[in-house]
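Worksheet: one structure, shown below.
Owing to the predicted nature of the structure, the values given are computational and were not obtained by experimental measurement.
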Amino acid sequence: MATAFEIVVADHQQPYARQAAAAAFREIDRLENELSRYIESSDISRANRMACGDTLTIGHDALECLLLAADLSLATGRTFDAGYASVRSADFPSDLPPFTLNPEAHTITSCAVSLRLDLGAIGKGFALDRAVEVLRQWNIQSACLNSGGSTVFALGAPAGEPGWWLGVGEGPSHVDLAFVDVALSGSGTAVKGAHLMDPRSGGVAPRNRRVWALAPGAAQSDALSTAFFVMSAAEIARFCSAHPTIGAAYVDEQGRLRADGSLAAMLQAAEGPQRG
């Protein structure tokens, strides 16, 4: 994952909030050691050293994250693919993940000439979801968790507020909305430049303006923001129509904010002056 995490706890005394946040950070650190491709002993790094046909026993966390990644890859038509950089044989189906998982045996098998798993577009969201679980165990009912400045989970709402205020849009199109018990992720080129690839073509995604994805979980929103950056406007609309809990927003070429699904409903329902 190799990114920064931030937790803001509301409506608790500082000593208790600090202890709860520390417990959540310990869970994030533990997951970093299991999921980061930058750590040689992690399950993901070990999997990336497998030859085609090799099978490896992995831990529960890596298995759960990879199962979710594989499901999202299939659901998005491979516009999100945690194994996009893998080298595939010429006869391997392009719409399938380059690995198979056996949940009962807790194993992963490489189907690639060279497996290259990268959970950078889902791992930080996965870690946020687990951190939220820890905070709930501590009876924290209102907190805002952020990973890398691109994925946020809004847990509950601070006292006296309708939710946690988060922004979508850029420049004149920017608007703040109140979010409760959902995750919002953004993908764009402002920080790292044109780095997002279209796994279907192997080329750089043509979009050059930011997109946002809203989902019940942070792992979902993290992956979907990457997928939406790759998808066309029509593909985004179809996906949101088929998945009622998902929302999308993006800035079009004219600088206007467009939205689909649950995010479109939120924008339409917003009343009164927006916070900026």
Side-chain angles (χ1 to χ4, degrees), residues 3-14 16-18 20-21 24-25 28 124-136 138-188 190-191 209-226 228-229 236 240 243-252 255-276:
T3 192
F5 288 79
E6 179 183 45
I7 300 174
V8 177
V9 176
D11 308 329
H12 280 276
Q13 293 294 320
Q14 186 181 81
Y16 188 83
R18 190 182 297 275
F25 280 126
I28 292 169
K124 61 184 182 295
F126 185 83
L128 279 190
D129 287 333
R130 291 294 185 83
V132 168
E133 292 178 9
V134 172
L135 293 181
R136 284 177 169 150
W138 280 74
N139 200 33
I140 300 296
Q141 299 180 13
S142 179
C144 188
L145 300 87
N146 162 46
S147 62
S150 60
T151 296
V152 179
F153 193 100
L155 173 61
E161 294 285 351
W164 289 92
W165 293 93
L166 305 173
V168 296
E170 297 175 335
S173 71
H174 178 91
V175 60
D176 282 350
L177 300 169
F179 295 90
V180 179
D181 293 330
V182 290
L184 181 72
S185 297
S187 290
V191 176
R209 290 182 178 267
R210 198 165 175 81
V211 302
W212 293 264
L214 183 70
Q220 280 181 301
S221 68
D222 196 5
L224 288 175
S225 68
T226 299
F228 291 163
F229 193 88
I236 293 173
C240 290
H243 301 83
T245 63
I246 303 301
Y250 57 92
V251 179
D252 66 17
R256 298 169 297 191
L257 183 63
R258 303 294 191 183
D260 293 291
S262 57
L263 259 178
M266 289 187 69
L267 286 168
Q268 292 168 3
E271 296 178 356
Q274 300 294 336
R275 298 192 174 196

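The shortest non-hydrogen separation linking Trp212 to Val251 is CZ3-CG2, 4.0 Å. When all heavy atoms of Gly125 and Thr151 are compared, the closest pair comes out as CA-CG2, 4.3 Å. The shortest non-hydrogen separation linking Ala157 to Val180 is CB-CG2, 4.2 Å. Leu128 approaches Phe5 most closely through the heavy-atom pair CD2-CD2, 3.8 Å. Residue Arg209 comes nearest to Phe229 through the heavy atom pair O-CE1, 3.4 Å, listed as atom of the first residue, atom of the second, then distance. In terms of heavy-atom proximity, His12 sits nearest to Ala17 at CB-CB, 4.2 Å.
The line from OG of Ser262 to NE2 of His243 is 12.0 Å long, rounded to the nearest 0.5 Å. For the atom pair OG1 (Thr3) and NZ (Lys124), the distance works out to 7.0 Å, reported to the nearest 0.5 Å. The OG atom of Ser173 lies 12.0 Å from the CZ atom of Arg210; values are rounded to the nearest 0.5 Å. The structure places CG of Asp129 at 7.5 Å from OG of Ser221, a figure rounded to the nearest 0.5 Å.
The shortest distance between side-chain heavy atoms of Arg136 and Glu133 does not fall below 4.5 Å. At least one side-chain heavy atom of Leu135 sits less than 4.5 Å from a side-chain heavy atom of Leu145.
For Asp252, the salt bridge (Lys or Arg N to Asp or Glu O under 4.0 Å) test picks out Arg256, Arg258, with sequence neighbours left out. Phe25 is linked by a ring pair (Phe, Tyr, Trp, His ring centres under 6.0 Å) to nothing, counting only residues two or more places apart in sequence or in another chain.
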CA sep, side-chain torsions, deciding dist, call: Phe228, Ile246, side-chain contact (heavy atoms from CB on, under 4.5 Å): CA-CA 11 Å; Phe228 291 163; Ile246 303 301; 3.9 Å; yes
Test side-chain contact (heavy atoms from CB on, under 4.5 Å) applied to Val152 and Cys144, step by step: CA-CA 7 Å; Val152 179; Cys144 188; 3.5 Å; yes
Residue pair Thr245, Gln220: steps toward the side-chain contact (heavy atoms from CB on, under 4.5 Å) verdict: CA-CA 11 Å; Thr245 63; Gln220 280 181 301; 5.6 Å; no
Intermediate values then yes/no, side-chain contact (heavy atoms from CB on, under 4.5 Å), Leu184 and Leu263: CA-CA 10 Å; Leu184 181 72; Leu263 259 178; 4.3 Å; yes
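Looking only at distances, a side-chain donor or acceptor of Trp164 sits under 3.5 Å from a matching main-chain atom of Leu155. Not one N or O on the side chain of Asn146 forms a donor-acceptor pair closer than 3.5 Å with the backbone of Glu6. A donor-acceptor pair is defined here as one N or O able to donate and one able to accept, closer than 3.5 Å; no such pair exists between the side chain of Asp176 and the backbone of Trp165.
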